[in-house]
Amino acid sequence: MALLFKSETDRASLWRDAFARLAPDLEFREWPEVGDPAEIEFALVWHPAKGDLKRYPNLKAIFSLGAGIEHIFSDPELPRHIPVVRMVDHGLTRGMTEYVLMHVLRFHRNVPELEAQKQAGVWNYIDYPPAWERRVGVMGLGVLGGDAARTIASFEFATAGWSRRPKRIEGVECFHGEDGLARFLQRTEILVNLLPLTDATENILNARSFAQLPRGACLINAARGRHLVEEDLIPALDSGQLAGAALDVFREEPLPAGHPFWAHPKIWISPHVASVTQPSTAAKGVLDGIARLRAGLPLENVVDWSEGY
Ligand code: NDP
Ligand code: OXD
């Protein structure tokens, strides 16, 4: 049995080593050196080349290297009868929670302002409210958003979340649907985006949604660049409607040289590393999926075509 592997990072050797250790009989074939296409039974991919996944007549499952799957669904020739499994992995979940918590604390404790003061040699007292008076809101209450919201709540922040369907999470005020969005935004001072990219969520971070947040709110976008209408962000920051933004994802990645976000003093940038799938834990999850298929059991975390995530 052979597994097709394609990523855009230089971590292939970590995956190869993890699979060699856990499943020595699984042939690991790194795209484009795939050998005989008929021998490929499984694919583990990030941004597969368009039209590539239809080339394998015996393909049984497509595993996404990431939690997001739009990089697979965007292939117009994707063989739709093959299940697509999204990445659910403890390492990925906790990595994202760390990233979100880091920025919530950074905005809550005025770190950008304190850094600017240090640069200017200024000693100036900057006040901050207790955590339970700081209102944090998480868009998307799935695997990642749910864990982030629970963790933020455990630090006693006034935490809310927004999802498509109603949810109950202890310590988190839950809003849902179109109707709940305005109320969720109106109460949110630090907005965290952990939505999947779908037709319904594309461009959701825009001038209109920024205007519904309280003045001086902060944005953390760790989901996808296409959630954000980029040209709406700088006016919102320059007018003071938003006080700061931490961005991990962009419409074009790498973020092009000369893009106005690079130089903006209120924008913090990371190169799509909010969380990274860890081969040491995630390879086992992929192998569990393969074992379930072989045993005739239903796969877990299969993406629903009709929902788009
Ligand atoms: P899940 O599928 O587990 O959760 C998605 C959540 O979004 C659910 O709560 C869902 O609601 C909600 N949602 C979906 N559509 C809507 C909508 N139209 N309106 C309101 N809520 C909606 O995804 P994950 O938590 O695993 O991952 C989230 C995203 O994070 C990924 O898709 C990916 O884009 C991004 N990501 C980014 C990384 C990075 O390094 N920057 C790393 C990993 C992931 P409901 O619960 O009702 O279904
Ligand atoms: C993911 C990502 O979707 O890393 O997992 O962006």
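Only heavy atoms go into these numbers, but all of them, side chains included; no hydrogens, no water, no symmetry mates. Start at 1 and go down the list; that is how both ligands and their atoms are numbered.
Between Gly66 and ligand 2, not a single N/O pair is under 3.5 Å apart. Geometrically, ligand 1 and Leu141 share a nitrogen or oxygen pair separated by less than 3.5 Å. For Thr198, no nitrogen or oxygen atom sits less than 3.5 Å from a nitrogen or oxygen atom of ligand 1, counting backbone and side chain alike. An N or O contact shorter than 3.5 Å is missing between Val249 and ligand 1 by distance. Remark: ligand 2 and Trp46 share no N or O pair separated by less than 3.5 Å (distance only, no angle test). Residue-to-ligand polar distances place Leu144 within reach of ligand 1: an N/O pair is separated by less than 3.5 Å. Considering backbone and side-chain atoms together, Leu65 places no N or O closer than 3.5 Å to any N or O of ligand 2. The distance criterion of under 3.5 Å between nitrogen or oxygen atoms is not met by Thr201 with respect to ligand 1. At least one N/O-N/O distance between Asp248 and ligand 1 falls below 3.5 Å. Between Gly142 and ligand 1, at least one N/O pair is under 3.5 Å apart.
At least one heavy atom of Ala222 sits under 4.0 Å from some atom of ligand 1. Ligand 1 does not have Glu178 within reach: every non-hydrogen atom of the residue lies 4.0 Å or more from it. Heavy-atom separations between Glu70 and ligand 1 are all 4.0 Å or longer.
Which parts of ligand 1 touch His272 is read off a 4.0 Å heavy-atom cut-off, strictly below it: atoms 39 (C), 40 (O), 41 (N). Against a heavy-atom cut-off of under 4.0 Å, Leu194 is close to the following atoms of ligand 1: 28 (C). Applying the 4.0 Å criterion to heavy atoms of Ala200 picks out, from ligand 1, the atoms 18 (N). For ligand 1, the atoms closer than 4.0 angstrom to any heavy atom of Ser163 are 9 (O), 11 (O), 20 (C), 21 (N), 47 (O).
Ring planes of His103 and Trp268: perpendicular class, angle over 60° (limits at 30 and 60°). Ring geometry for Trp46 against His272 counts as perpendicular: the plane angle is over 60°, on a 0 to 90° scale with 30° as the lower cut.
Atom 47 (O) of ligand 1 has as its closest protein heavy atom Arg165 N, 2.7 Å. Scanning the protein for heavy atoms near atom 4 (O) of ligand 2, the closest one is His272 NE2, 3.7 Å. With hydrogens left out, the protein atom closest to atom 38 (C) of ligand 1 is Met96 CE, 3.3 Å, a heavy atom. For atom 13 (N) of ligand 1, the nearest non-hydrogen atom of the protein is Leu195 CD2, 3.7 Å. When only non-hydrogen protein atoms are considered, atom 26 (O) of ligand 1 lies nearest to Arg86 NH1, 2.9 Å. Among protein heavy atoms, atom 46 (O) of ligand 1 sits closest to Lys167 NZ, 2.4 Å. Scanning the protein heavy atoms around atom 5 (O) of ligand 2, the nearest turns out to be Ala67 N, 2.7 Å. Among protein heavy atoms, atom 19 (N) of ligand 1 sits closest to Trp162 CH2, 3.3 Å.
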Apply the test salt bridge (Lys or Arg N to Asp or Glu O under 4.0 Å) to residues Arg292 and Asp288: give CA-CA distance (whole Å), side-chain angles for both, the deciding distance (0.1 Å), then the verdict. CA-CA 6 Å; Arg292 288 182 75 85; Asp288 286 348; over 6 Å; no
Could you give me the CA-CA distance, side-chain angles and deciding distance for Leu26 and Leu287, then say whether side chain to side chain contact (heavy atoms under 4.5 Å, CB included) is met? CA-CA 10 Å; Leu26 179 74; Leu287 291 170; 4.1 Å; yes
Take His176 and Trp162, measure what ring-ring contact (aromatic ring centres under 6.0 Å, His included) needs, and give me the verdict at the end. CA-CA 5 Å; His176 69 277; Trp162 181 67; 9.4 Å; no
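Between Glu300 and Arg86 there is no salt bridge, since no side-chain N of the basic residue sits under 4.0 Å from a carboxylate O of the acidic one. Ion pairing between Arg134 and Glu156 fails under the 4.0 Å rule for side-chain N and carboxylate O. Salt bridge absent: Glu173 and Arg135 never bring a charged side-chain N and a carboxylate O closer than 4.0 Å.
The only member of Lys50, Lys54, Arg55 that meets side-chain hydrogen bond (donor to acceptor under 3.5 Å, both in side chains) when paired with Asp52 is Arg55. When each of Phe155, Phe157, Trp132 is tested with His108 by the rule ring-ring contact (aromatic ring centres under 6.0 Å, His included), just one qualifies, namely Phe157.
Comparing Arg164, His71, Glu202, Met87 by heavy-atom distance to atom 17 (C) of ligand 1, the nearest is Arg164. Scanning Ala274, Pro196, Pro166 for the heavy atom closest to atom 32 (O) of ligand 1 points to Pro196.
Between the side chains of Tyr309 and Arg164, a donor-acceptor pair is found at a separation under 3.5 Å. Judged by distance alone, the side chains of Glu252 and His259 never bring a donor and an acceptor atom under 3.5 Å apart. Side chains of Asn221 and Asn193: a donor-acceptor N/O pair is present below 3.5 angstrom, by distance only.
Asn58 contributes a side-chain N or O that, together with a main-chain N or O of Ala38, makes up a donor-acceptor pair within less than 3.5 Å.
The residue Met87 has no part lying near ligand 2, judged by heavy-atom distances below 4.0 Å.
For the pair Arg16 and Phe28, the cation does not sit on the ring face, since its NZ or CZ is not both under 6.0 Å from the ring centre and inside 45° of the axis.
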